[in-house]
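Throughout, a chain's letter reflects where its sequence line sits, starting with A, and its residues are numbered from 1.
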Amino acid sequence: MTVRTRFAPSPTGYMHIGGMRTALFNWLWARHNGGQFILRIDDTDRERNVDEALGPILHAFRWLGLDWDEGPQVGGPLGPYFQSQRGDLYREALDQLLQSGKAYRDFDPPEVTQTDRAAAEQEKRPFLNIRRALELSDAEREQYLAEGRPHVVRFLIDRAAKVSIDDHIRGHVEWDCGLIADPVICRGDGSPLYNFATVVDDAQLQITHVIRAEEHLTNTAVQALLFDALGYSRPEFAHIPFVAAPGTKEKLSKREKKLDKYRKSPQFKKLFDIADEILPRMGLSPSESLNPVMVSYYEAVGFLPEAVLNGLSRLGWSLDDKTEHMSLPFVTENFTLDRVVKGPAGLDPDKLLAYQEHWVGQLSTDEKVDRCLPFLTKAGLVQEPIDAAAVRFVSRLVDAVGERLKLFSDILRYDEYFVADDALTYDEKAFEKRLRKPSEAATLLGEFREHFAAAERFDADTLDALLHEWVGQKDVPMGKIIHALRVATTGKAVGPGMFDCLALLGKDRCLMRIDRALERI
RNA sequence: GCCCCCAUCGUCUAGAGGCCCAGGACAUUGGAUUCUCAGUCCAAAGACAGGGGUUCAAAUCCCCUUGGGGGUACCA
């Protein structure tokens, strides 16, 4: 039997990182077994513009390289793949249940059910429906129906029974049906409820493995019963732990109140700060609309799909006691459900950043340049169309920056190489410390400038030799001149190797910058 | 209230009765390298929630307690 898994997002306009992890595990299981992965859209809420709200979700899948065999944009033999277009399927299943007496029309208005519920609560016993509709005579029922009395359809639970599943991750889980209220499967307006629709869909789409977050575990009792009642064979279940907020065991949430909390949490703050710093420079609004709960954040800020995938894979799953860095093909090859962890896994920004460092390190200069360029153009540091000289320059910069480049947006930290020489801004503290305060700084820098101006070649090695030679002659400690030189030419106290920086700028720009700094002292 | 799930270093995890006075990774701290920063290398510190059993032997099995989480909707 071919393994078929699915992920069923509602078109909310963004892809949740926790949802992405669930989707990934489904994809992984399907691919590991040479099966199919299906995308089904839960768009029962018709208020929204589905196309618009689905875009970012599909984009997130594409960005990470997770393809789907059936679903939106690719179709498939068992479609449609939008719940809003599957009404006939639900109606058919509903009729079947009604006809066989496994479901019933409940004419009690919501207030009555609510009162019943409150009474049960009051008496500290589990709520069970009173099933007044079952007492109705056929004639009464006909009459209610004829007069169009509003009603819902409830699934009739056999209170004497027990249900159990053998979950791939949780093991054997059993429920006493005597404690389960009859769930509404069809609303007053005729639309199906999740628990019902998902069963019909999973059966019709021939899903073999339902892999979803553990918050659905309780729902599974009703769903398993529904599969049985409809005569479908049950899929296998795997309830994976949910992704928790950094440093907590709580489900990662997108709710605004929570986001404010995350923003202040020591572990999560780092990611929010990156967004606040980077996004405005590229003309994007900061963390309000783009935050680390959403997959698009990671793309926007310059993460590598490989890093996010690696991080997501290790969130609730591990291969063994030491393998940390894993590519998608490698994880696919080795992914099994029995190695999924049971407890909730907190998203760890530091670890994600560490994965990013690893995967960026695997890239060639050209590949890094390709990824950095969009950031530079969006920030207006490189003009479009990008010419060959610009590419060459960025390439040299990327080489000089080396392992300092972690996120691709980090390239924006080196804007001093792109601004005009007379527009360079200085780190004032560094300027003070390295140029103004040391009494000999101006003199030394001035003298070195002349030596420098005479240089015939201007590559890093030559400059290195030049400075060392000069320092030796003058008997000046290296530290006296090199920091002054750095602040004068780059405006900053830190950066790549000094000689790489100088070579990158070239002689003319260096001289201009030194002169400007000298005047400014 | 009731039902269900979960519980190893700060974090992600290894561990399916002896290989564990618990291993790895990230983070942290110290040292080395260096013109700064980043990096790299070396080192340190750091956990089986508690209590009972079972067993020659328990992080691992059972029970209880505690803690956390989820569900209990005409949400998904």
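Looking at heavy-atom distances under 4.0 Å, A:Tyr355 makes no contact with the nucleic acid at all. Within the 4.0 angstrom heavy-atom criterion, no nucleotide atom of any strand lies near A:Gly402. Note on A:Gly495: a base of the nucleic acid sits closer than 4.0 angstrom, heavy atoms only. Contacts of A:Lys351 with the nucleic acid, taken as non-hydrogen atoms under 4.0 Å apart, include base atoms. No engagement by A:Val401 is indicated, since no non-hydrogen atom pair under 4.0 Å with the nucleic acid exists. The residue A:Leu353 sits apart from the nucleic acid: no heavy atom pair falls under 4.0 Å. Using a 4.0 Å heavy-atom distance criterion, A:Gly188 is classed as a base contact. Counting non-hydrogen atoms under 4.0 angstrom, A:Pro241 reaches nothing in the nucleic acid. Nucleic acid contact class of A:His239 (heavy atoms, under 4.0 Å, all strands): none. When heavy atoms are screened at a 4.0 angstrom cut-off, A:Lys406 is found touching the sugar-phosphate backbone but no base atom. Nucleic acid contact class of A:Arg339 (heavy atoms, under 4.0 Å, all strands): sugar-phosphate only. Within the nucleic acid shown, A:Val184 comes within 4.0 Å of sugar-phosphate atoms alone, with no base atom in reach, counting heavy atoms only. Among the heavy atoms of the strands lying under 4.0 Å from A:Ala493 is at least one base atom, whether or not backbone atoms are also near. Nucleic acid contact class of A:Gln267 (heavy atoms, under 4.0 Å, all strands): none.
Dense packing is recorded around CD of A:Glu428, with more than 12 heavy atoms of other residues, nucleotides or ligands lying under 6.0 Å away.
Using a cutoff of 4.0 Å between basic side-chain nitrogens and carboxylate oxygens, A:Asp415 and A:Lys492 are scored as salt-bridged. Taking a cutoff of 4.0 Å between a charged side-chain nitrogen and a carboxylate oxygen, A:Arg404 and A:Asp410 do not qualify as a salt bridge. Ion pairing of A:Arg131 with A:Asp106 is absent here, as no side-chain N (NZ or NE/NH1/NH2) approaches a carboxylate O to less than 4.0 Å.
Using Watson-Crick or G-U wobble geometry with both donor-acceptor distances under 3.5 Å, B:rC56 finds its partner in B:rG18. Pair assignment for B:rG1 gives B:rU72, based on Watson-Crick or G-U wobble hydrogen-bonding distances that are each under 3.5 Å. Pair assignment for B:rU34 gives none, since no Watson-Crick or G-U wobble pairing has each distance under 3.5 Å.
Cation-pi check for A:Arg234 over A:Phe227 is not met; the charged atom does not lie both under 6.0 angstrom from the ring centroid and within 45 degrees of its normal.
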Note to self: Apply side-chain hydrogen bond (donor to acceptor under 3.5 Å, both in side chains) to residues A:His239 and A:Arg170 and explain how you reach the verdict.
What the structure shows: CA-CA 7 Å; A:His239 287 88; A:Arg170 311 284 143 188; over 6 Å; no
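Checked against B:rG24, B:rC35, B:rG39, the side chain of A:Met478 finds its nearest nucleotide in B:rC35. Looking at the side chain of A:Pro126, the nearest of the listed nucleotides B:rC35, B:rC2, B:rG39 is B:rC2. Side-chain proximity of A:Pro110 to B:rC37, B:rC74, B:rG70: nearest is B:rC74. Taking only side-chain atoms of A:Leu179, from C-beta outward, the nucleotide of B:rC6, B:rC4, B:rC2 with the closest atom is B:rC2. The side chain of A:Arg314 approaches B:rC12 more closely than any other nucleotide in the set B:rC12, B:rC26, B:rC37.
The phosphate of B:rA76 (OP1 or OP2) has a side-chain N or O of A:Arg187 nearer than 4.0 angstrom. Between B:rG70 and A:Thr218, no contact under 4.0 Å exists linking OP1 or OP2 to a side-chain N or O. OP1 or OP2 of B:rC12 sits under 4.0 Å from a side-chain N or O of A:Lys249.
The separation of B:rU13 from B:rA7, taken at their P atoms, amounts to 11 Å, rounded to a whole angstrom. A gap of 15 Å separates the C1' atoms of B:rA45 and B:rC26, to the nearest Å.
Using modelled atom types, one finds a donor on one side chain and an acceptor on the other under 3.5 Å when comparing A:Gln223 with A:Asn195.
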